[in-house]
Chemist: 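Let me begin by handing over the structure; questions about it come next.
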Amino acid sequence: MQVQFGAQTRDSVTVGFRFLNAIKQFLCLSLLKNSALSAMAIFQLQCCIFTSLLTKFRSGLKAEVGIFFPMLVLRVLENVLQPSFLQKMTVLNLLDKISQDSQTMVDIFVNYDCDVDSPNIFERIVNGLLKTALGPPSGSTTTLSPAQDITFRLESVKCLVSIIKSMGTWMDQQMKLDDTNILKTSENDASPENQLSGEETAAVDSELQTDGNSEFSDAATLEQRRAYKIELQKGISLFNRKPSRGIEFLISTKKVGGSPEEVASFLKNTNGLNETVIGDYLGEREEFSLKVMHAYVDSFNFKVMDFGEAIRFFLRGFRLPGEAQKIDRIMEKFAERYCKCNPGSFTSADTAYVLAYSVIMLNTDAHNNMVKEKMTKADFIRNNRGIDDGKDLPDEYLGALYDQIVRNEIKMNSDSSASQSKQATSINKLLGFDGILNLVSWKQTEEKAVGANGLLIRHIQEQFKAKSGKSESVYHAVTDVTILRFMVEVCWGPMLAAFSVTLDQSDDKLATSQCLLGFRYAVHVTAVMGLQTQRDAFVTSMAKFTYLHCAADMKQKNVEAVKAIISIAIEDGDFLHEAWEHIFTCLSRIENLQLLGEGAPSDASFLTTSNIETEEKALKMAGLSSLKRKGSLQNPAVMAVVRGGSYDSTSLGANSSPGPVTPDQINHLISNLHLLHQIGNFELNHVFAHSQSLNSEAIVAFVKALCKVAIAELQSPTDPRVFSLTKLVEVAHYNMNRIRLVWSRMWSVLSDFFVSVGLSENLSVAIFVMDSLRQLAMKFLEREELANYNFQNEFLRPFVIVMQKSSSTEIRELIVRCISQMVLSRVNNVKSGWKSVFMVFTAAAADERKNIVLLAFETMEKIVREYFPYITETETTTFTDCVRCLITFTNSRFNSDVSLNAIAFLRFCAVKLAEGGLVCYEMAGDNVSSNSPDEPSPTPTDKDDYASYWVPLLAGLSKLTSDPRSPIRKSSLEVLFNILKDHGHLFSRQFWVGVINSVVFPIFNSLHDKKEVDMDENDKYTEGSTWDPDTCAVAADCLVDLFISFFNVIRSQLPGVVTILTGFIRSPIQGPASTGVAALMRLAGDLANRLTENEWREIFLALKEAATLTVPGFLKVLRTMDDINVPGISQSCYDVDAASDQGFSTDGLDDDDLQTASYIVSRMKSHISMQLLVIQVITDLYKNHTQPFSEGNISIILEIFSSISTHAQKLNSDTVLLKKLQKACSILEISDPPMVHFENESYQSYLNFLQNMLANNPLLSNSSLVESELVTVCEQILHIYLKCTGTPNELKETNQPVRHWILPLGAARKEELAARTSLVVSALRVLCGFERDLFKRYVPQLFPLLVELVRSEHSSGEVQVVLSIIFQSCIGPIIMQ
């Protein structure tokens, strides 16, 4: 069976080849011979035969079809002015028939328009149909009647429609075919009623396509061939105008080689070159042109060729130039070549050169009708005497040459004609389609129509034979739809011109319907193929022909254009992309006109802020009759529609001239609006409802275009509208169920739109947009969202951006209400949207309008109280957003209750966080609380995530502690430290260190930064700058409690804590200083047994720093008193004492001096208080400390006591300063600084400490040092007392005679002496308590002082008593020894 089938196949192929050869040998020859006959029956028969050949055998007759098509079809088609009506109708019917076969048109384009050596048949068909559709140019003479012209126009448009339809059909079918079905024949492409033949046609053509001359080609190869041909034709056209530039272009584009031989070959063998231009170029004297001419002539072989035949053969390819010098150069080279090919023919090349000139002159003389007296044979022979190197050529030779030229003229090929090209150009300019046709790719110069005679037949047969062996004779079949791109580039411009002109000029229903069909098919092809420019051109033209921008001029054909636009939107929506904008503009204008016809108020009536209220706005108009009511003629909307506008104007009437509207214009408008009843709301809404069926790319383009039109509508200065906005909301509803990736891309576009319009200056527009967004959001929140997705957040982001950027109070309040409504009604579905919700409320919390703040907090309160579990249900990071929002509310300056409640909510959030619902905890042994030393506490597995939850909360509360409002400060302090104390066991050691340094310590910076600021005792802390005493007490207590509770974890931060507490002590205000003392004492007391010696050292060093660092600054302040002169006080201490006894006068101190003195007194009191507090703290720490301090720490304590005591003594020794301050205090009626008390207390404390050291530390290794220090302190106390009593020992340096009477002391001195008595008594008792050996060791330095005390006339009796005891019990025994 297989062998038999194979044999049958081979037989059938053999039969096909024989049949095809018979067609070529007999039928094609017959067509050639009869092509010149004008009989109509013969022409119709020829067309019928040619149609059959084209449809059935085109794959085997490529060369023949390429000849017959221009001869039979294009010759008639391109004859616009004086065609035969029947012939042209026959041709148009032929074209209509073959164009219905989609594969035929594709094959014609592929095998001819993409073949360098073939005519552009498809291009010439389209251009010929365009010329026929446009009709004869205006002013030209034609033999056509108007009826015939209209018939031609209609038929040509139908052919164009059929062509573009077949292209679309072929495209659709090829895109559906499998690779396995790629060999299907083109007959299956057409619809059943349009098929041209039956089964035998398919069988014959399939057999022929198995021929070796047939092959399938890919689109890339054809694209290269097509591009090569177009560029080559551009070069030919440029050569025919400017030959040198044309050659340069062809060489640069590598269409011609750069050598003279290759250029010469191009000039000799290329069709389409102008013979006259070739001759001119060959005759040029430029170097390269000369080389080309030489190569051109050398390419001829004149061997064994008669001279006349040779010159005739040579001049067949070009026309000799008119310039003699050019002819001379060409003929000189010809003569050389002829002699070289035929050596011995002439004596020299000069003979051939002269004879060639004579032959050219004879040819002109014999065949030019302008020459009356013809050259005879004798004249010709006589003219050539002696040209052969002085000899004569044979008369017989010259006579034969004469007869040959006279009988057969030397003819050149005619140059290309550009007449029809010029005709097309004039038509384009006349009809105004230059802009459209200029977009079309360059068109080759149309070939001159050919007739039929014997010479032509022989020439054509020669062409058949020549092409049969070339590769170009291969018939190409293509199935790649990409080829349509190149076909569209050729035909779209002519089709657009033909459809547009016909639709504009004709009202014939059949013609306009054909044009609209053509538009629809063209949009389909260009859109599917992705040809944006062409697609937009067709869609824009259709949109303009709807006349919706000037409805007063609308006709039925314009309504049909609207219907076609809607059909395109439904059928080709997946491929329209940017062209959607034109469609939406049309739909918007339709809806606007329909509303106007119904008498409904325009959108502008509630979207504009105009104060003009016309009668039409007040009345509820209904029906078209409303346009006829009194006063409606002045309705701006009606006037705008009547006047119309340009297609590109955003509003009607924008570009029209102002003026009254007449009743006739209104009536005409009413009749036109009736036409729009053919388009119902269903058709309009169907476009938007159909968006559900668009693919993922198309829906994004759909939304982009609709947003663009909506913005144009809303921003219209005269007629803002919301049609497209409402449709946007509908489209979003329709497509909300798309996959997430597509929806995200859609919403990216919609989001930008809502933000842009939401920030509009037109408040009504912005409110409408935000409400539309709310509707969408409510619908969107009905959908479930899984964890870790971000779609809801992206969806609600426009609310956030508008809330943050809008300057309108109404918009911001509306957004808060919208978000509140959405959240409270869809709280179960809110997932990632919480982030945007909190961002909106955060912006509201910082709003400058109280009602917005309160409204937002009301919702926030409900969320935290009732719906807190939903916040972190799917994404724990929203907890941080919630915290940030609450912190912003705490800063609200409108209502303290809001701030306090927000702080309470922060504590609630901390509780939730600590419960472990947000962070996964694991057990860790290094985090041990002091309250549970043996139990490990949980720490977070990821410290970064852990910190991201706690840090914003704690840092926010930390910042609140500097709030200017005292209740807020206290509340935030308490909540912060309570959170740390209650949940600190969850923190790791590392995190604790971070919290202490970044959250806790910064709280106290505001206090410490102000410690050196000069302020009066009565000047309270200013708002926001630092704390009041109550806040200081709360903060210090909280800090100590926290540190004690978590000492084991954060003990490394002890220096910082102590620095803070000593900072309190250094405060110039009594309250914070006392607070610092109490806190430090409690800290040391609770941690006494747990502190190491190094930690105690840190405490004592901090106290030493507190005592010493303030001294230089304080002394600097005191020095300002040196510049104040107080009357009655000099720098002499005697004068001072005298002045003190005489009293002070209030004269001599101005207000500035008094103010300075007052400030110094205040500073001195604060400074003394601080120094005494340090002494008190050290004394108390020592007393309460059960274990002995190390020698290093004792050394630090001694240094502190010594420095303070010395400082106090120096202050008291400045008598002039003290007297100045006393006078100032007297004038100001304020108490004096407690200078004596300061000195007494410092020495008393120092003395007590040293005594206790000796008494309580018997094992003290450096007891001798303490003893020495104790004796030194006692000496200093005795010296101070003696100085106060004014003993003679003190006055020896004055060289005054010793008085033998008692001088009375002043009141001030008596008071001071009484104050110092207790101190000196204590010192004497210490000395009295010394052991005998110890006292004996120091008696040499003590005895003179004791003697002076005995001699003192003003010492108190108590001192004398103790002195007597010392002499009796201590000194007496020593003397008695």
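The shown structure was predicted, so the numbers you read here are calculated from the model rather than taken from an experiment. Computation of the quantities below employed the complete heavy-atom set of this structure, encompassing side-chain atoms and omitting hydrogens, waters and symmetry-equivalent molecules. Residue numbers start at 1 and run along the sequence shown.
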Chemist: Which of these passes side-chain contact (heavy atoms from CB on, under 4.5 Å) with V837: T842, T859, N793, I819?
Modeler: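 Only match with V837 under side-chain contact (heavy atoms from CB on, under 4.5 Å): I819.
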
Chemist: Report the C-alpha distance between L796 and V840 in whole Å, list the side-chain angles of each, state the deciding distance to 0.1 Å, and finish with yes or no for side-chain contact (heavy atoms from CB on, under 4.5 Å).
Modeler: CA-CA 9 Å; L796 298 177; V840 168; over 6 Å; no

Chemist: Are the charged groups of K704 and E578 less than 4.0 angstrom apart, N to O?
Modeler: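 Looking at K704 and E578, the cut-off is not met.
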
Chemist: Apply side chain to side chain donor-acceptor pair (under 3.5 Å) to H577 and D536, showing your working.
Modeler: CA-CA 9 Å; H577 298 289; D536 292 349; over 6 Å; no

Chemist: Give a yes or no answer on whether the side chain of T502 reaches the backbone of F499 with a donor-acceptor pair at less than 3.5 Å.
Modeler: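 Checked: no pair found.
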
Chemist: Find out whether L503 and F519 are in side-chain contact, i.e. whether some heavy atom of one side chain is under 4.5 Å from a heavy atom of the other.
Modeler: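 Yes, their side chains come closer than 4.5 Å.
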
Chemist: Side-chain contact test, heavy atoms from C-beta onward, threshold under 4.5 Å: evaluate it for V802 versus V769 and give yes or no.
Modeler: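 A side-chain contact under 4.5 Å is absent here.
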
Chemist: Could you check whether any side-chain N or O of S748 sits under 3.5 Å from a backbone N or O of S744, counting only pairs where one atom can act as donor and the other as acceptor?
Modeler: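 Absent.
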
Chemist: What heavy-atom pair brings A856 and F841 nearest, and what distance separates the two atoms?
Modeler: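 Closest approach of A856 to F841: CB-CD2, 3.8 Å.
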
Chemist: Relative to the ring of W747, is the ring of F795 parallel (under 30°), tilted (30 to 60°) or perpendicular (over 60°)?
Modeler: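 The arrangement is parallel - the two ring planes meet at less than 30°.
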
Chemist: Pick out which of L750, L728, V749, L725 makes a side-chain contact (heavy atoms from CB on, under 4.5 Å) with L706.
Modeler: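 Testing L706 for a side-chain contact (heavy atoms from CB on, under 4.5 Å) against L750, L728, V749, L725 leaves exactly one candidate, L728.
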
Chemist: Regarding R817 and E813, does a basic nitrogen lie under 4.0 Å from an acidic carboxylate oxygen?
Modeler: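 Salt bridge: yes.
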
Chemist: Between F688 and F584 (judged by ring centroids, cut-off 6.0 Å), do the two rings come close enough to count as a pair?
Modeler: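 Yes, the ring of F688 comes within the 6.0 Å limit of the ring of F584, centre to centre.
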
Chemist: One thing to verify: whether K727 and E730 come together as a salt bridge, which I'm taking to mean a side-chain N less than 4.0 angstrom from a carboxylate O.
Modeler: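 A salt bridge links E730 with K727.
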
Chemist: Counting only N and O atoms by type, is there a donor-acceptor contact under 3.5 Å from the side chain of R520 to the main-chain atoms of A564?
Modeler: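 No; zero donor-acceptor contacts below 3.5 Å.
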
Chemist: Is the shortest distance from a Lys or Arg side-chain nitrogen in R745 or E697 to a carboxylate oxygen in the other one below 4.0 Å?
Modeler: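 Yes, this pair counts.
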
